[in-house]
Each structure stands twice: as C-alpha cells, then as structure tokens.
Amino acid sequence: MAGCVLAIDQGTTSSRAIVFGDDYQPLSVGQQEFPQHFPKSGWVEHSPTDIWTSTLRVCREAMEKAPSGGADVAAIGITNQRETTLIWDRSTGEPVYNAIVWQDRRTSDFCAQLRADGLEDKFTSKTGLLLDPYFSGTKIAWILDNVDGVRARADRGELVFGTVDTWLIWQLTGGTVHVTDATNAARTLIYNIHKNAWDAELCSLLKIPLNMLPDVKDSADEFGVTEADLFGRSIPILGVAGDQQAATVGQACFKPGMVKSTYGTGCFALMNTGDAPVRSNNRMLTTIAYRLNGKTTYALEGSIFVAGAAVQWLRDGLGIIESAGDTQGLAEQADANQDIFLVPAFVGLGAPHWDADARGAMFGLTRNTGPKEIARAVLQSVGYQTSDLIDAMQADWPDAEKPVLRVDGGMTASDWTMQFLADILGAPVDRPTVAETTALGSAWLAGSKAGVWPGAESFSAQWKLEKRFEPRLDEAERRRLLSGWQDAVRRTRST
Ligand SMILES: Nc1ncnc2c1ncn2[C@@H]1O[C@H](COP(=O)(O)OP(=O)(O)O)[C@@H](O)[C@H]1O
Ligand SMILES: O=P(O)(O)OC[C@H](O)CO
C-alpha cells in the first residue's frame, strides 16, 4: 500500500507543512512566519490564534501544491515546538492567555524557590528534567496564579491545558479531542517518564488540577480525525512527537548510542539510550525519545537555547551581515591569530549549566577585532556548546563510543560551521540528503501507523548521507581552543 503523508511542523518562528510522497521525498511545502511577542524582558509569547491560523493556512497551501491536490494524503503527522504552554476553555475553546513560549524566563524565581525548598531531586527523579523555567509546569502555574479569574475556573473544571500539539489537534478536530503524545508530555515537569503517567504529587506541588491534563498516547496512535470542512474530507491524525524527538526519528536514530543534533533557533542533541532511562550526573535531561506500541525508548538530551539565533543577532542586532549565509565568507577571512570567544547566553545558559540569569559575553577583543572575527566566534560558539553536550552525555553513558553526529536544521547549510563542529568534537559529522528530518520523522510516525509506509528497519535504510565532515584539527589545538571556551563560560556564569 502506498500513499502520501501531510507533516505539520509548528516551530518557534514559523509554521510549516510538507506533503511527503511514498518515497519519503517532499512534494510540496507551505510555510508562514508569525509574530513573536516580548511583553517584558525575558518574556516570550505567541498568539494561540496565530499558531492555529498559520498552521491551517500552510496545510492548505501544501495540499493544494501537491501533485494530487492532496487527494492521496492518507494521514497527518504533527511535530511541534515543545514545552510552550496554552490553557483554554473546554466549552468555548477560548484561550485564557497567550501561549507562553519555551524560551520564556518569567518563572525563574519560582523555580529557584522550588529548588530552595529542596524539591529538585523529586522533580528530576520522576520527570528526568530540572527545575528550569524552560519546562511547561511552572508556566501552567503562572497562568493559573496570575491571570484574573483563571484559578477559580480551573478549580471548577472549566479549563484545559495543552502543549502546541494538543492545541492543534483540538482545533483540527473541532474541539472534540484533548490528547498529547508521550514525548510532549515528557517536557511538562509533571509527567512521570518511568510510569508513563501524569504525576499527582508533582501536580499538587505546582497546584495544577489533574482534570486539566490531556490523555497521553503513543507517538504513532489514533489522535482523532480532522473536521471534514477543513480539507474537504476527514483525514486521520496518526503521528505526534515534539520536534526534537521527531528529528531523532527522522534521522533514524533507532539504535542505542546514536545521536542527532538539530541546529535551528537553538540546538538540541538527543542520544538514544534504548529502553532504560539514564539518569544524568552532568545536568543533561532524561527524556522520552518515542513511544511505539506501548514501548518507551528513552534519550539523553542536551538543550542549548541559542544557536542560529546568534546568527540572526549578527543580522538584526549588529547589522554586520545581510543574510545568514554571509557568515561563511566572513569566518573564512577572519584573522587566525585572534581567539575570540562568544558565549551566547542571551536568554541564560541551558545544558549543562542551566544558568537562567547568565547573559551573553564576548572575550578576547582587541583593536583589530572586527565583523569577520565576531562572525567566526558566533559560528564557533555552536561547535563549542555542542562539544560540552557530547562530553556530558559520554560521561553519563561511558559505554557509548564517541558517536558520529547526525545533524539537521537550517544552520547545517553552513559547511564552515559543520567542519568546525567535526574539528572541535574530534568526531565525524554526517549531514543527510533530506534536510527536513523533523517533518519527515512525524510523517513516518503517521505513515507507518496508517500502514502506507513500512516499519523502522526499512525507513532506516532510506537514510542517505549527503556529506560527511571529518575532523582534521590537531589534538593539541583542539584542547587549547576548548580550554579558552571553558574559561569564557566560567567568566560568563552568574554564580
Ligand atoms: N547558511 C547559514 N549559515 C549560518 N546559519 C544559518 C544558515 N542558514 C540558516 N541559518 C540559521 O538557521 C536558523 C534557521 O533554521 P531553522 O531550522 O529553520 O530554525 P527554526 O526551526 O528554529 O525556526 C536561523 O537562526 C538562521 O540564522
Ligand atoms: O521550534 P524550534 O525548532 O526552535 O524547537 C524548539 C524546541 O522544541 C524547544 O524545546
């Protein structure tokens, strides 16, 4: 049986929809950016309406552009920016507040208070996460405690919570289905990843009523069918995964020890650790990579908040490039005798430091430092940060050999960055032919569930290398650069 799959990739800065053919190739794409709202320093919000209307629009666009006009789309897969938090009325569907985005730091003090109360170990042992504003739990609590009348409505059972996947499924099904998948639930700080269930004790600590929470399904499962008038017929939604987990699937990292790293706004590296969750001693996250047929596969994750966003800063903040691709030429011409280190802690530092109050810094500046050296430092910061993650993962899981890194995301278009990454890791970096691995991962979840695409083994065999970057930096030089980076991070930390 063959058929096409519509993948929805609802990201932080844009919504995208791609129709994949039965040879896993993209046939058509729709994409739309939407506004970011920064109501206060450190706050980041999206309009729930923008999330939904941009998604609907790009789905229609991709379907219309597909050769069959979308007639042979057999299923929908959804992948999404994770942790971003929405609450809405279960009768009217009306949101009570904007979506609070994963990057938002407003609950930093609340997290510090929970840590001071000695609760971090309880949260970490059950959820695999840390007490950082990044995750949904404290964002839910903030809305309940700070938006007028919301606590009382929640207590009366009138409100529901969802991550972006849940919100989209609610909309696509005409407000009839309130569900999520295990990978998205695993990012909320209230989901027990060992028991695969919402955790009543953690909900009670954060004062979150259990009746607000969606049902949690496998990543390939029945998530409802779309309302007939949206696309001219009902289409089943059969795959859902958070975007970094979907990229892990799309990169066919199905075996323990395999690692993918995605370079978009931020950078997220996930290492498949098989059916046993590995507790990190190095402040990595333990998370659910995917849950298929009731069987959970776990991953260690390192999350970096700023990767491509630093390139955007060069363009929009400093104005020293016109487009992201300009960084390559600048980095190639930069003065080899200047060691400039940029620590892009624009919204604090993520793994392995989790320092919400740190802010960006640059070291080693001289009168000769100019745009070329700064651009190179931006691209290098992505390599250095990844190196910190891979080192931490290997320390947590020493059995794993130094991995080959499978990379994807917009920033992997930069050969210079990928070569530096291989050099500083001292390990090969593999870039696949299909750039849209996140969308492909969610399409495979849906297509395999629909029975129109084959299973994991056959899907793995289609993964094709576009280019391998081999490490070629002298070991002594590698160590010298890493030591300079670590010193720069030390000086940037807030504590
Ligand atoms: N040639 C390039 N060199 C360096 N950075 C790039 C290049 N092309 C894109 N980027 C960066 O990649 C990011 C976009 O990647 P994408 O995967 O679309 O991100 P997201 O899904 O997070 O919105 C942007 O931050 C952009 O600055
Ligand atoms: O939307 P992206 O691609 O920047 O990904 C965001 C992550 O899911 C946040 O955890």
Side-chain angles (χ1 to χ4, degrees), residues 8-16 18 29 31-34 36 44 46 51 54-55 78-85 99-104 129 132-136 139 163-165 183-184 186-189 241-248 250 260-270 285 287 299 301-318 321-332 344 346-347 350-351 375-376 378-383 407-421 431 435-439 441-442:
I8 298 172
D9 180 359
Q10 204 301 306
T12 310
T13 55
S14 73
S15 301
R16 208 153 38 202
I18 301 178
V29 182
Q31 177 159 6
Q32 192 186 330
E33 288 196 15
F34 57 85
Q36 310 287 312
V44 189
H46 292 158
I51 292 176
S54 62
T55 299
I78 298 177
T79 182
N80 54 286
Q81 53 168 322
R82 307 167 305 166
E83 299 97 12
T84 296
T85 297
I100 303 186
V101 178
W102 58 277
Q103 297 156 317
D104 191 290
L129 309 177
D132 188 90
Y134 178 27
F135 307 105
S136 316
K139 298 182 198 291
T163 40
V164 166
D165 55 314
T183 67
N184 275 294
R187 314 299 297 185
T188 57
L189 205 63
D243 55 9
Q244 304 311 320
Q245 284 88 343
T248 308
K260 76 87 206 178
S261 192
T262 301
Y263 298 91
T265 308
C267 156
F268 302 86
L270 267 78
L285 307 174
T287 202
E301 172 173 329
S303 323
I304 296 170
F305 299 143
V306 172
V311 176
Q312 287 167 347
W313 170 69
L314 291 178
R315 186 193 61 191
D316 307 334
L318 298 188
I321 55 169
E322 275 179 19
S323 75
D326 298 345
T327 48
Q328 170 109 6
L330 290 174
E332 280 166 357
F346 301 151
V347 287
R376 182 184 58 190
V378 162
L379 301 186
Q380 287 177 323
S381 73
V382 170
V407 295
D408 54 80
M411 213 180 171
T412 61
S414 167
D415 280 8
W416 196 95
T417 310
M418 295 301 105
Q419 183 57 52
F420 182 75
L421 182 59
R431 188 169 64 190
E436 295 287 356
T437 46
T438 302
S442 72

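The structure presented is a predicted model; accordingly, all values stated were derived computationally and were not measured. All values below were derived from every heavy atom in this structure, side-chain atoms included, with hydrogens, water molecules and symmetry-related copies excluded. Counting starts at 1 for both ligands and their atoms, following the listed order.
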Do any nitrogen or oxygen atoms of ligand 1 lie under 3.5 Å from a protein nitrogen or oxygen, and which ones?
from	atom 1	to	atom 2	distance (Å)
ligand 1	8 (N)	Gly410	O	3.4
ligand 1	12 (O)	Met411	N	3.4
ligand 1	15 (O)	Gly410	N	3.4
ligand 1	17 (O)	Gly410	N	2.9
ligand 1	22 (O)	Thr265	N	2.9
ligand 1	22 (O)	Thr265	OG1	2.6
ligand 1	23 (O)	Thr13	OG1	2.9
ligand 1	25 (O)	Gly308	O	3.0
ligand 1	25 (O)	Gln312	NE2	3.2
ligand 1	27 (O)	Gly308	O	3.3

Enumerate the pairs of nitrogen or oxygen atoms, one from ligand 2 and one from the protein, separated by less than 3.5 angstrom; state names and distance to 0.1 Å.
from	atom 1	to	atom 2	distance (Å)
ligand 2	1 (O)	Thr12	N	2.9
ligand 2	1 (O)	Thr12	OG1	2.6
ligand 2	1 (O)	Asp243	OD2	3.3
ligand 2	3 (O)	Asp243	OD2	3.3
ligand 2	4 (O)	Thr12	OG1	3.0
ligand 2	5 (O)	Asp243	OD2	2.8
ligand 2	8 (O)	Arg82	N	3.1
ligand 2	8 (O)	Arg82	NE	3.1
ligand 2	8 (O)	Asp243	OD1	2.5
ligand 2	8 (O)	Asp243	OD2	3.3
ligand 2	10 (O)	Arg82	NE	3.2
ligand 2	10 (O)	Arg82	NH2	3.0
ligand 2	10 (O)	Glu83	OE1	2.7
ligand 2	10 (O)	Glu83	OE2	3.4
ligand 2	10 (O)	Tyr134	OH	2.7

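Remark: Glu332 pairs with Gln328 by the side chain to side chain donor-acceptor pair (under 3.5 Å) rule, at least two apart or across chains. In this structure Phe135 satisfies the ring pair (Phe, Tyr, Trp, His ring centres under 6.0 Å) test with no other residue, sequence neighbours excluded.
The two atoms that bring Ala246 and Thr79 nearest to each other are CB-OG1, 3.3 Å, heavy atoms only. Heavy atoms only, all atoms of each residue included: Val311 and Ile321 are closest at O-CD1, 3.7 Å.
Classification of Asp415 and Arg431 as a salt-bridged pair holds, one side-chain N sitting under 4.0 Å from a carboxylate O. Using a 4.0 Å cut-off between charged side-chain N and carboxylate O, Asp408 and Lys260 make no salt bridge.
Ring to ring, Phe305 and Tyr134 are close: their centroids are under 6.0 angstrom apart.
Taking CH2 of Trp416 as the start and CG of Leu330 as the end, the distance is 11.0 Å to the nearest 0.5 Å.
Note on ring orientation: taking the six-membered ring where Trp is involved, the planes of Trp102 and Phe268 are perpendicular (angle over 60°, cut-offs 30° and 60°).
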